[in-house]
Amino acid sequence: MTQAFSTKHRILGAAEELFAKHGFGSTSLRQITSHADVNIAAVNYHFGSKENLVEELFRRRMDQMSTDRRNALQKALSGTDVTLEAVLRAYIEPALQMGRKHNGGHFVRILARAYAEQNDRLRKFLSENYGSVQRDFAKAIDQVRPGLSKEQMYLRLDFVAGALTYTLSEFGMVKRAAGVSEAQHLDKLTDTLISFCAAGFKS
């Protein structure tokens, strides 16, 4: 790992952790640089501004998750008997898998904050860069659950995203039981969430 990459990686890691805990508005660049053990010039060199840092933070997670979702969707649609549940699994499972990875939970909390804090610039960034993924899934769902209006389709997709974000944030009452492995717990969460969301689309 080069020194430049190491510095950039430390800054992104520190920012992800602090934004998850305190939000965007309440976290300063000085807090981030102190946590990453770098100087403010390093942030300016690698990112130019706090806003650019936030966008880069999202890119490093969302690019991979979007690729994983599209690959899973392509696989789901290649079968002879495509189901709503298979399409929803392609959307839900990559996000839950990401949440298992190091600091994945931090990122999910940041994603929730992006909407809770009404960050218009970040919402626009997400829409422009990743809105096409939502549209791909809307088209796929329309194939297996035709008849929904465009408004109803995206409203229900929003509900799916909200339920998924809440699940990943681990704010709920259901925790992993003693004696249950993380993989088993994740499988149960995935299956239950898919069934719940499918029922919402079928109603």
Side-chain angles (χ1 to χ4, degrees), residues 1-74 90-138 154 157-158 160-171 182 186:
M1 182 182 294
T2 65
Q3 180 62 36
F5 180 80
S6 176
T7 299
K8 185 176 181 179
H9 184 77
R10 291 207 314 275
I11 294 169
L12 286 168
E16 190 169 77
E17 182 178 346
L18 293 175
F19 287 147
K21 289 181 179 178
H22 308 298
F24 302 107
S26 299
T27 301
S28 68
L29 283 180
R30 292 199 177 278
Q31 287 174 304
I32 293 170
T33 55
S34 176
H35 197 65
D37 194 25
V38 299
N39 58 45
I40 196 75
V43 175
N44 293 328
Y45 172 77
H46 287 290
F47 305 103
S49 68
K50 180 179 177 180
E51 289 77 14
N52 291 341
L53 168 60
V54 171
E55 290 179 1
E56 182 63 26
L57 191 156
F58 272 85
R59 279 193 188 94
R60 77 168 184 162
R61 299 296 189 195
M62 293 294 291
D63 283 0
Q64 184 60 56
M65 187 168 69
S66 296
T67 297
D68 291 345
R69 278 175 163 169
R70 282 195 162 116
N71 289 341
L73 180 60
Q74 184 177 22
Y91 185 84
I92 289 169
E93 196 164 50
L96 288 173
Q97 291 291 346
M98 185 198 70
R100 290 185 62 197
K101 297 176 183 178
H102 181 63
N103 280 348
H106 287 159
F107 175 72
V108 173
R109 289 178 174 85
I110 291 172
L111 189 59
R113 285 186 180 277
Y115 294 95
E117 295 186 13
Q118 298 184 341
N119 188 319
D120 291 337
R121 171 173 169 155
L122 184 52
R123 286 186 181 187
K124 182 180 179 182
F125 168 80
L126 292 173
S127 177
E128 290 177 348
N129 289 275
Y130 306 105
S132 60
V133 178
Q134 296 290 92
R135 292 190 289 273
D136 288 345
F137 276 90
Y154 283 102
L157 265 176
D158 277 348
V160 172
L164 176 58
T165 302
Y166 187 85
T167 300
L168 280 163
S169 298
E170 297 181 346
F171 291 138
E182 185 178 352
L186 182 64

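Below, each value reflects all heavy atoms present in this structure, side chains not excepted, and no hydrogens, waters or symmetry copies. Positions are given from 1 along the sequence.
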message = More than 12 heavy atoms of other residues, nucleotides or ligands under 6.0 Å from CD of Gln31: yes or no?
response = yes
inquiry  = Measuring from atom CD1 of Ile110 to atom CD of Glu16, what distance do you get when rounded to the nearest 0.5 angstrom?
reply    = 4.5 Å
key: Test side-chain contact (heavy atoms from CB on, under 4.5 Å) applied to Ile11 and His46, step by step   = CA-CA 9 Å; Ile11 294 169; His46 287 290; 4.3 Å; yes
ask   = How many angstroms lie between atom CD1 of Ile32 and atom NZ of Lys50, to the nearest 0.5 angstrom?
value = 6.5 Å
remark   = d(Asp68 CG, Leu73 CG) to nearest 0.5 Å is 12.5 Å
request  = For Ser34 and Arg30, indicate whether the former's side chain and the latter's backbone hold a donor-acceptor pair under 3.5 Å.
outcome  = no
request  = With the side chain counted from C-beta on, respond yes when Phe47 and Leu57 share a heavy-atom pair under 4.5 Å apart, and no when they do not.
outcome  = no
task = Go through the structure and list residues passing salt bridge (charged side-chain N to carboxylate O under 4.0 Å, His left out) with Arg59, not counting sequence neighbours.
result = Glu56
note = Looking only at heavy atoms, the pair that brings Leu126 and Met62 closest together is CD2-CG, 4.5 Å
query = What distance separates Ser127 OG from Asp120 CG, expressed to the nearest 0.5 Å?
reply = 12.0 Å
task = Taking side-chain hydrogen bond (donor to acceptor under 3.5 Å, both in side chains) as the test, write out the residues that go with Asp63, two or more places apart.
result = Tyr130
query = Which residues pass the side-chain hydrogen bond (donor to acceptor under 3.5 Å, both in side chains) test with Lys21, sequence neighbours left out?
reply = Glu17
query = Would you call the rings of Phe19 and Phe24 parallel, tilted or perpendicular if under 30° counts as parallel and over 60° as perpendicular?
reply = tilted
task = Look up atom OG1 in Thr167 and atom CG in Leu96, then write down how far apart they are to the nearest 0.5 Å.
result = 7.0 Å
key: Parallel, tilted or perpendicular: ring planes of Tyr91 versus Phe137, cut at 30 and 60 degrees   = perpendicular
ask   = Residues in salt bridge (charged side-chain N to carboxylate O under 4.0 Å, His left out) with Arg70, at least two apart?
value = Asp136
task = Output all residues satisfying salt bridge (charged side-chain N to carboxylate O under 4.0 Å, His left out) with Arg123, sequence neighbours left out; order by chain, then residue number.
result = none
ask   = Can you tell me how far the CG atom of Leu53 sits from the CD atom of Glu51, to the nearest 0.5 Å?
value = 9.5 Å
message = Could you work out, with side-chain hydrogen bond (donor to acceptor under 3.5 Å, both in side chains) as the rule, every residue matching Arg121, not counting sequence neighbours?
response = Asn52, Glu55
Contact summary for Ala36 and Arg10, nearest pair of heavy atoms = O-NE, 3.0 Å
